[in-house]
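Following: one structure in structure tokens, then a few remarks.
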Amino acid sequence: MTDYKMMLAEAISGMTDISNEQVYELVEIPPKSSMGEYAFPCFTLAKTMKKSPQSIAIDLSESLIGKLDFIERTEVVGPYLNIFINRSIFCNDVTDHIVRMKDKIGSSDEGKGKTVLVEYSSPNIAKPFHIGHAFTTILGQAIYNLYKHLGYDVYRLNHLGDYGTQFGKLISAYKRWGNDEALAEQPIKELLRIYVKFHDEAKMDPSLDEEARFHFRNLEKGNEEEFGLWKLFRDLSIKEFDAIYRRLGITFDDMNGESFYSDKIPEIVSMLNDRDLLVESDGARVVMLEEFGLPPCIILKSDGTTIYASRDIAAILYRKRKYDFYKNIYVVGNPQALHFKQVFAVADKLGLDASGSCVHVGFGLVKFADMKFSTRDGNIILQEELLNECVGKTSEIIRKNREERQTDMSDAELSQIAEKIGIGAVIYTFCRNSRDRDIVFSWDEMLDFDGDSAPYLMYTYARCRSVLRKAKASDYDPADAVDGFNTKVTDEEFELIKYLHGFGDSIRKAAQAYEPYILVRQLNFIARAFNKFYNNRPILNCEDSELLASGLRICEASSVVLEQGMRLLGISPVERM
RNA sequence: GGGUCUAUAGCUCAGUUGGAUAGAGCAACAGCCUUCUAAGCUGUGGGUCAGAGGUUCGAGUCCUCUUAGGCUCGCCA
């Protein structure tokens with residue numbers, strides 16, 4: 001496919017004294033399509049050429065005539081040189097490229113030979129998987145997909161919260177109030193029950209906290225009883241998490257949680273000692289970070305046990321050796337921003353160059369309108385509950401549609417489709433906006449399936465597929481439709497194909513910024529443009545064979561891009577709904 | 001108090017390195033199913049870009065201050 005912007009930049013560069021790259025950076029897409037497809041602002045040239053921007057634009061406009069065959073015409077509006085692309089050439093080129101690339105559309109080899117690690121999800125063992133975990137899980141998966149698509153060698157790491165003082169508490173609580181039967185039936189529910197009870201009791205009897213620390217010390221020493229219980233809690237929890245991951249279509253390459261790095265901390269401690277970086281402060285061993293403008297980082301607590309920072313530092317060293325990563329991405333909430341700054345700073349002091357390769361991808365809190373989610377207080381929405389609610393509402397809508405449209409959809413197919421759409425709706429909610437913003441959870445918004453939503457994208461895709469199925473049924477293969485855009489391309493068609501053209505760019509930008517919403521917006525524009533097109537002219541029922549060909553080509557290209565875009569987000573498209 | 005993020009339409013949000021008349025969705029109102037899926041489409045209304053200064057040909061975007069809010073600031077993760 002032609003790189004239109006690049007060729008334009010080369011042409012303009014040849015007529016001025018600025019480089020290709022500079023021109024490429026300056027070329028922009030005008031705010032309105034009536035102003036053309038590309039625009040070159042002449043402000044910066046005005047300074048060096050000592051001419052008014054407008055006269056420069058006029059000169060450029062004249063010398064550009066006939067230079068490039070895809071340029072239909074140019075227009076000077078004040079200081080801007082607006083460029084209009086030949087619609088036939090562009091539409092044939094772009095749609096042909098998409099139809100040929102299929103699921104490889106928007107992919108690249110920029111990541112060839114580069115290893116990227118994405119750490120995400122990372123729930124705490126023995127605690128319920130609630131919608132607070134959904135953000136990191138969904139965002140992380142999307143980031144994984146994006147980098148994978150760009151050719152990187154990507155590994156998914158689930159850094160389970162399977163260690164720390166809280167397990168001392170859990171062990172203590174279990175020995176006091178645990179119920180084996182309840183644990184076997186609903187492990188996390190039972191563990192949560194005794195965990196909450198422990199906190200209540202500890203308020204009245206502070207010696208419980210001491211008991212918990214005792215058990216954690218034993219656990220870290222490898223004591224059999226504590227280790228056995230910990231292992232049991234861990235195994236049972238993972239089993240429950242797996243059910244959620246399966247529903248979301250997520251698997252991991254590595255489930256090594258915090259516990260895995262515990263025995264790798266002594267090496268970190270001795271490395272720090274070798275460099276004289278470890279100092280004592282109030283009984284704890286810390287690394288001072290004044291030169292980074294950061295507070296000290298605790299490596300060993302005053303009782304000699306490790307802390308999450310030390311485990312994260314050990315993990316960097318371990319991963320560096322195992323993967324020799326190009327990038328190590330942490331999809332973890334914003335509240336931990338300082339923690340990662342400290343961890344990266346300490347790793348830097350150890351010569352691990354963390355600041356050059358480790359990235360904390362933070363995101364906002366999920367909260368109710370008036371309060372925070374708190375596992376301890378029990379005011380949480382479970383991830384499973386959220387998925388079920390969305391799938392349930394979807395089922396109702398499909399059932400109603402099935403009656404109205406009198407389709408032959410079986411109950412089994414209906415529930416399969418509802419599952420995909422409901423889960424798609426959840427995924428979409430966490431990918432639609434920039435990740436920094438807090439999400440105020442609302443069932444109304446969650447269950448709004450109009451407009452800016454996954455069902456809207458999925459519906460559009462299903463429409464495309466329906467038209468294509470009908471075309472095939474009447475022996476028309478859209479792949480045969482070559483050069484369907486010889487006649488006049490309408491504004492609506494051109495608009496849609498321009499959005500399809502921008503798909504690859506949106507993937508690159510989304511990956512670079514770790515912001516799936518950039519891709520989401522592109523898909524939304526595509527869907528809206530397609531629906532407009534779909535509503536305004538018949539595709540199958542048209543006499544003109546060229547119009548039929550171009551219409552089907554648009555359907556084919558749109559469906560390819562929409563499908564691939566949704567898959568990159570983690571949404572499974574459906575053929576009908 | 002220090003650090004950090006945020007403030008754009010009634011609500012939820014976009015707005016690339018400063019550039020053309022600040023855009024979507026939802027909600028509201030008015031329309032469109034004898035034609036390929038109405039979870040759709042069309043139209044209307046809706047703005048002192050938190051406030052004040054500054055930088056310049058030009059500021060929602062950059063700088064300073066003020067206000068409001070979120071998160072965070074050593075032995076939890």
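Letters go in sequence order (proteins before strands), and every chain restarts at 1.
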Name the nucleic acid region contacted by Arg311(A), choosing base, sugar-phosphate or nothing; use a 4.0 angstrom heavy-atom cut-off, strictly under. sugar-phosphate
Anything under 30° is parallel, anything over 60° is perpendicular, the rest tilted; go ahead and classify Phe441(A) against Trp443(A). perpendicular
ask   = How is Ile539(A) classified with respect to the nucleic acid when contacts are heavy atoms under 4.0 Å: base, sugar-phosphate, or nothing?
value = base
Open item on the list: By the 4.0 Å heavy-atom rule, please label Leu26(A) as base, sugar-phosphate, or nothing.
Closed with: nothing
Closest to the 5' end of RNA chain B, once Gly164(A) and Ile421(A) are matched to their nearest nucleotides, is Ile421(A)
Provide a list of protein-nucleic acid N or O atom pairs under 3.5 angstrom, restricted to nucleotides 3-5 of chain B.
none

Between CG of Asn124(A) and C1' of C76(B) the distance, given in whole Å, is 10 Å
In numerical order, the residues of residues 516-531 of chain A whose heavy atoms come under 4.0 Å of RNA chain B are Tyr517(A), Arg521(A), Arg528(A), Asn531(A)
**Request:** Assign Tyr456(A) to base, sugar-phosphate, or nothing according to its heavy-atom contacts below 4.0 angstrom with the strands shown.
**Result:** sugar-phosphate
Practice task
Name the nucleic acid region contacted by Pro455(A), choosing base, sugar-phosphate or nothing; use a 4.0 angstrom heavy-atom cut-off, strictly under.
Solution key: base
**Asked** So, does the side chain of Arg405(A) form a donor-acceptor pair with the base of U37(B) at under 3.5 Å?
**Response** yes
Polar-atom pairs under 3.5 Å, protein N or O versus N or O of nucleotides 29-32 of chain B: list them with distances, or write none.
none

**Asked** With sugar-phosphate meaning primed atoms plus P, OP1 and OP2, does Glu575(A) contact a base, only sugar-phosphate, or nothing at under 4.0 Å between heavy atoms?
**Response** base
So salt bridge (charged side-chain N to carboxylate O under 4.0 Å, His left out) across residues 448-458 of chain A, not counting sequence neighbours, yields Arg432(A)-Asp452(A)
At under 4.0 Å between heavy atoms, what does Ile397(A) touch on the DNA or RNA strands: base, sugar-phosphate, or nothing?
base
Practice prompt. Assign Ser453(A) to base, sugar-phosphate, or nothing according to its heavy-atom contacts below 4.0 angstrom with the strands shown.
Written response: nothing
In whole angstroms, the gap separating P of G25(B) from CG of Leu457(A) amounts to 14 Å
As a quick check of understanding, evaluate salt bridge (charged side-chain N to carboxylate O under 4.0 Å, His left out) for Lys400(A) and Glu404(A), giving each step before the final call. CA-CA 6 Å; Lys400(A) 204 179 87 214; Glu404(A) 283 173 9; 5.1 Å; no
Whole-Å distance, Ile313(A) CD1 to C75(B) P, equals 16 Å
Q. So what does Asp303(A) hit on the nucleic acid, given a heavy-atom distance under 4.0 Å: a base, only sugar-phosphate, or nothing?
A. nothing
Report which part of the nucleic acid Asp444(A) touches: base, sugar-phosphate, or nothing (heavy-atom distance under 4.0 Å, all strands). nothing
Just checking Phe530(A) against Tyr499(A), ring centres under 6.0 Å apart?
no
- Please evaluate the base of C36(B) for a donor-acceptor partner in the side chain of Ser466(A) within a cut-off of under 3.5 Å? no
Lys470(A) atom NZ is separated from U35(B) atom C1', nearest whole Å, by 11 Å
Exercise. At under 4.0 Å between heavy atoms, what does Tyr163(A) touch on the DNA or RNA strands: base, sugar-phosphate, or nothing?
Worked result: sugar-phosphate
Separation of G40(B) atom C1' from Lys400(A) atom NZ, nearest Å, is 13 Å
Paired runs of 3 or more consecutive Watson-Crick or G-U pairs involving RNA chain B, with both pairing distances under 3.5 Å, are B:1-7 with B:67-73, B:10-13 with B:23-26, B:28-32 with B:40-44, B:50-54 with B:62-66
message = Between Arg213(A) and Glu210(A), does any NZ, NE, NH1 or NH2 come within less than 4.0 Å of an OD or OE carboxylate oxygen?
response = yes
Sticking with atom C1', work out how far A24(B) lies from G47(B), rounded to a whole angstrom.
15 Å
Below 3.5 Å between N/O atoms, which protein atoms pair up with nucleotides 20-22 of chain B? Just atom names and distances, please.
from   : atom 1 : to       : atom 2 : distance (Å)
A20(B) : N6     : Asn82(A) : OD1    : 3.2
A20(B) : N1     : Asn82(A) : OD1    : 3.1
A20(B) : N1     : Asn82(A) : ND2    : 3.2

